[in-house]
Undergrad: 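What follows is a single structure, and I will ask about it in a moment.
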Amino acid sequence: MGNDFVEFIQNIKKLCGIDLALYKEAQMKRRLISLYEKKGLSSFQQYFRYIKEEPQGLEEFLDRMTINVSEFYRNAKRWDVLDQKILPRLVSRNGVLKVWSAACSTGDEPYTLAMLLSKHLQADRYHILASDIDEAVLNQARLGRYHERSMKELPLYLKEKHFTQNGDYYAIHENLKKNILFKKQNLLSDSFDTGYDLIVCRNVMIYFTEEAKDMLYRKFSASMKPGGVLFVGSTEQIFNAAQYGFENEDTFFYKKI
């Protein structure tokens with residue numbers, strides 16, 4: 001790791017509390033070099049000065065750091081398992097479900113969760129926290145407007161039930177927003193609430209070092225009820241689930257023992 005990048009990591013941590021050392025170095029470095037070169041800069045030192053001095057600098061950095069690839073019902077078969085197997089079990093043991101969409105990006109995931117939960121529970125019987133490190137994507141999520149390309153895997157009946165088409169975008173119905181709290185949060189440094197029945201954290205761990213993943217799995221486990229479920233992405237299988245107090249319930253679903 002070059003001195004220029006090491007100093008950049010230290011400065012970013014002081015500036016906004018984000019520890020880039022917990023992200024995979026090669027892909028993070030490549031992504032950031034690409035970003036600063038497009039701005040005509042030639043070093044991490046120059047880039048940090050830009051982030052610190054330009055109002056949009058930090059926002060652009062956060063947006064680039066967290067690749068916001070998000071869509072409704074992504075990897076549809078896994079959502080079907082959640083709908084048909086996992087949620088019925090959770091509903092049968094708890095009258096009210098506490099759910100967290102961690103690193104929720106533009107809101108596709110927590111709104112998908114709300115659509116499925118509303119099939120199983122009355123509106124006052126579930127609560128969703130949707131968190132992300134990037135305030136810009138949280139603002140998009142709160143707005144709840146989406147283009148059709150983000151809905152290609154969403155079952156038609158859910159699309160027709162929960163959206164109104166308005167020109168070239170679709171607006172999520174207001175009643176689905178009521179049970180979702182959108183909140184800025186740094187997964188790697190902030191403390192977690194407790195008592196969750198379901199935590200969804202998908203396609204995020206791939207950016208983190210093994211040390212960071214280990215820390216996060218332990219924090220997730222500690223924040224869940226026994227019998228609760230962690231739902232991860234399709235490239236994020238936990239091979240040593242037992243050491244975190246989990247057991248496999250289905251592919252990419254881990255039950256807190």
Undergrad: Can you check whether Val229 reaches Val200 side chain to side chain, under 4.5 Å on heavy atoms?
TA: no
Undergrad: Determine whether a donor-acceptor pair (N or O, by modelled atom type, separation under 3.5 Å) exists between the side chain of Asp19 and the backbone of Ala21.
TA: yes
Undergrad: Would you say the ring centroid of Tyr23 lies under 6.0 angstrom from that of Tyr207?
TA: no
Undergrad: Give me the atom names and distance for the closest heavy-atom approach of Leu187 to Ala103.
TA: CD1-CB, 4.3 Å
Undergrad: In Å, rounded to the nearest 0.5 Å, how long is the span from CD1 of Ile128 to CG of Asn179?
TA: 6.5 Å
Undergrad: Can you tell whether the side chains of Arg74 and Asp108 come within less than 4.0 Å, N to carboxylate O?
TA: no
Undergrad: When you check the gap from the basic side-chain N to the acidic O, do Glu236 and Lys213 get nearer than 4.0 Å?
TA: no
Undergrad: Using a strict cut-off of less than 4.0 Å between a Lys/Arg side-chain nitrogen and an Asp/Glu carboxylate oxygen, indicate whether Glu148 and Lys159 qualify as a salt bridge.
TA: yes
Undergrad: If I compare all heavy atoms of Gly107 with all of Phe182, which pair ends up nearest, and what's the gap?
TA: CA-CE2, 4.3 Å
Undergrad: Should Leu216 and Val204 count as side-chain neighbours, where that means a heavy-atom distance under 4.5 Å?
TA: no
Undergrad: Linking I/L/V/M/F/W/Y whenever their side-chain heavy atoms sit closer than 4.5 Å, directly or via other members, would Leu20 and Leu15 fall into one cluster?
TA: yes
Undergrad: Is there a side-chain contact between Gln27 and Arg31, using heavy atoms and a 4.5 Å cut-off?
TA: yes
Undergrad: Please examine the side chains of Glu160 and Leu156, heavy atoms only from C-beta on, and report whether any two atoms are closer than 4.5 Å.
TA: yes
Undergrad: Shortest non-hydrogen contact from Val232 to Arg202?
TA: O-NE, 3.5 Å
Undergrad: Counting C-beta onward and ignoring hydrogens, is there a side-chain heavy-atom pair between Leu138 and Cys104 closer than 4.5 Å?
TA: yes
Undergrad: Under a 4.0 Å N-O cut-off, is there an ion pair linking Lys152 with Glu71?
TA: yes
Undergrad: Keeping Asp190 on the side-chain end and Asn186 on the backbone end, is there a donor-acceptor pair under 3.5 Å?
TA: yes
Undergrad: Checking side-chain polar atoms at under 3.5 Å, does Tyr50 have a donor or acceptor matched by the opposite partner on Gln45?
TA: no
Undergrad: Is the backbone N or O of Ala76 less than 3.5 Å from a side-chain atom of Glu153, with the two atoms forming a donor-acceptor pair by type?
TA: yes
Undergrad: Among residues at least two apart in sequence or on other chains, which ones pass salt bridge (Lys or Arg N to Asp or Glu O under 4.0 Å) with Lys14?
TA: none
Undergrad: Please check if the number of heavy atoms outside Lys52 that lie under 6.0 Å from its NZ is greater than 12.
TA: no
Undergrad: Any heavy-atom pair between the side chains of His120 and Pro88 that's under 4.5 Å?
TA: yes
Undergrad: State, without any angle test, whether Gln140 and Arg145 hold a side-chain donor-acceptor pair at a distance under 3.5 Å.
TA: no
Undergrad: For the residue pair Phe48 and Phe8, does the interplanar ring angle fall in the parallel (under 30°), tilted (30 to 60°) or perpendicular (over 60°) class?
TA: perpendicular
Undergrad: Going by ring pair (Phe, Tyr, Trp, His ring centres under 6.0 Å), name the residues that satisfy it together with Phe231, two or more places apart in sequence or in a different chain.
TA: Trp79, Phe253
Undergrad: Should the heavy atoms of other residues, nucleotides or ligands under 6.0 Å from NZ of Lys77 be counted, would the total exceed 12?
TA: no
Undergrad: Run the salt-bridge test on Asp197 and Lys98 with the 4.0 Å N-O cut-off and return the result as yes or no.
TA: no
Undergrad: Could you check Met215 against Leu22 for side chain to side chain contact (heavy atoms under 4.5 Å, CB included), going step by step and ending with a plain yes or no?
TA: CA-CA 10 Å; Met215 175 184 70; Leu22 294 172; 4.2 Å; yes
Undergrad: Measure from the side-chain N and O atoms of Ser118 to the backbone N and O of Ala114, and report whether any donor-acceptor pair falls under 3.5 Å.
TA: yes
Undergrad: Do NZ/NE/NH1/NH2 and the carboxylate oxygens of Lys85 and Asp250 come within less than 4.0 Å?
TA: yes
Undergrad: To the nearest 0.5 Å, tell me how far Leu230 CG sits from Tyr254 OH.
TA: 8.5 Å
Undergrad: Closest approach of Phe252 and Gly233, non-hydrogen atoms and distance?
TA: CD2-O, 3.4 Å
Undergrad: Write down the atom of Ile133, the atom of Ile18, and the distance for their closest heavy-atom approach.
TA: CD1-CD1, 3.5 Å
Undergrad: Hey, does the side chain of His147 reach the backbone of Asp168 with a donor-acceptor pair shorter than 3.5 angstrom?
TA: yes
Undergrad: Are Arg78 and Asn75 linked by a side-chain donor-acceptor pair shorter than 3.5 Å?
TA: no
Undergrad: Quick one: pull up CD1 in Ile172 and OH in Tyr111 and give me the separation to the nearest 0.5 Å.
TA: 6.0 Å
Undergrad: So how far is it from Ile33 CD1 to Met28 CE, rounded to the nearest 0.5 Å?
TA: 12.0 Å
Undergrad: Classify the ring geometry of Phe5 against Phe44: parallel below 30°, tilted from 30° to 60°, perpendicular beyond 60°.
TA: tilted
Undergrad: Start with the C-alpha distance between Asp132 and Thr106, add both sets of side-chain angles, then the distance that settles side chain to side chain contact (heavy atoms under 4.5 Å, CB included), and finish with yes or no.
TA: CA-CA 9 Å; Asp132 201 276; Thr106 52; over 6 Å; no
Undergrad: Are the side chains of Leu129 and Tyr196 in touch, meaning some heavy atoms are under 4.5 Å apart?
TA: yes
Undergrad: Using a 6.0 Å cut-off, check whether atom CD of Gln84 has over 12 heavy atoms from anything other than its own residue.
TA: yes
Undergrad: Under a 3.5 Å distance rule, please check whether Lys177 uses its side chain to pair with a backbone N or O of Arg142 as donor and acceptor.
TA: yes
Undergrad: Is the side chain of Ser101 donor-acceptor paired with the backbone N or O of Glu109 at a distance under 3.5 Å, no angle test?
TA: no
Undergrad: In terms of hydrophobic clusters joined by side-chain contacts under 4.5 Å, are Leu87 and Val96 together?
TA: no
Undergrad: Would you indicate whether the side-chain heavy atoms of Leu158 and Leu116 approach each other to under 4.5 Å?
TA: yes
Undergrad: Using the rule given for side chain to side chain contact (heavy atoms under 4.5 Å, CB included), can you reason through Ile86 versus Val81, listing the C-alpha separation, both sets of side-chain angles and the distance that settles it, and then say yes or no?
TA: CA-CA 7 Å; Ile86 307 297; Val81 170; 4.2 Å; yes
Undergrad: Would Phe61 and Tyr47 count as a side chain to side chain contact (heavy atoms under 4.5 Å, CB included) here? Give the steps.
TA: CA-CA 10 Å; Phe61 161 72; Tyr47 183 42; 3.6 Å; yes
Undergrad: State whether the side chain of Lys256 and the backbone N or O of Ser221 hold a donor-acceptor pair below 3.5 Å, judged by distance alone.
TA: yes
Undergrad: ring-ring contact (aromatic ring centres under 6.0 Å, His included): which pairs involve residues 156-176, sequence neighbours left out?
TA: Phe72-Phe163
Undergrad: Looking at CG of Asn94 and CZ of Arg89, how far apart are the two atoms once the value is rounded to the nearest 0.5 Å?
TA: 9.0 Å
Undergrad: As an exercise, state the distance from CD1 of Ile206 to OG of Ser234, rounded to the nearest 0.5 Å.
TA: 8.5 Å
Undergrad: List the atom of Ser223, the atom of Ile199, and the distance in Å for their closest heavy-atom pair.
TA: OG-CD1, 3.4 Å
Undergrad: More than 12 heavy atoms of other residues, nucleotides or ligands under 6.0 Å from CD of Glu247: is that the case?
TA: yes
Undergrad: Apply the test side chain to side chain donor-acceptor pair (under 3.5 Å) to residues Asp80 and Tyr73: give CA-CA distance (whole Å), side-chain angles for both, the deciding distance (0.1 Å), then the verdict.
TA: CA-CA 9 Å; Asp80 288 341; Tyr73 229 76; 2.8 Å; yes
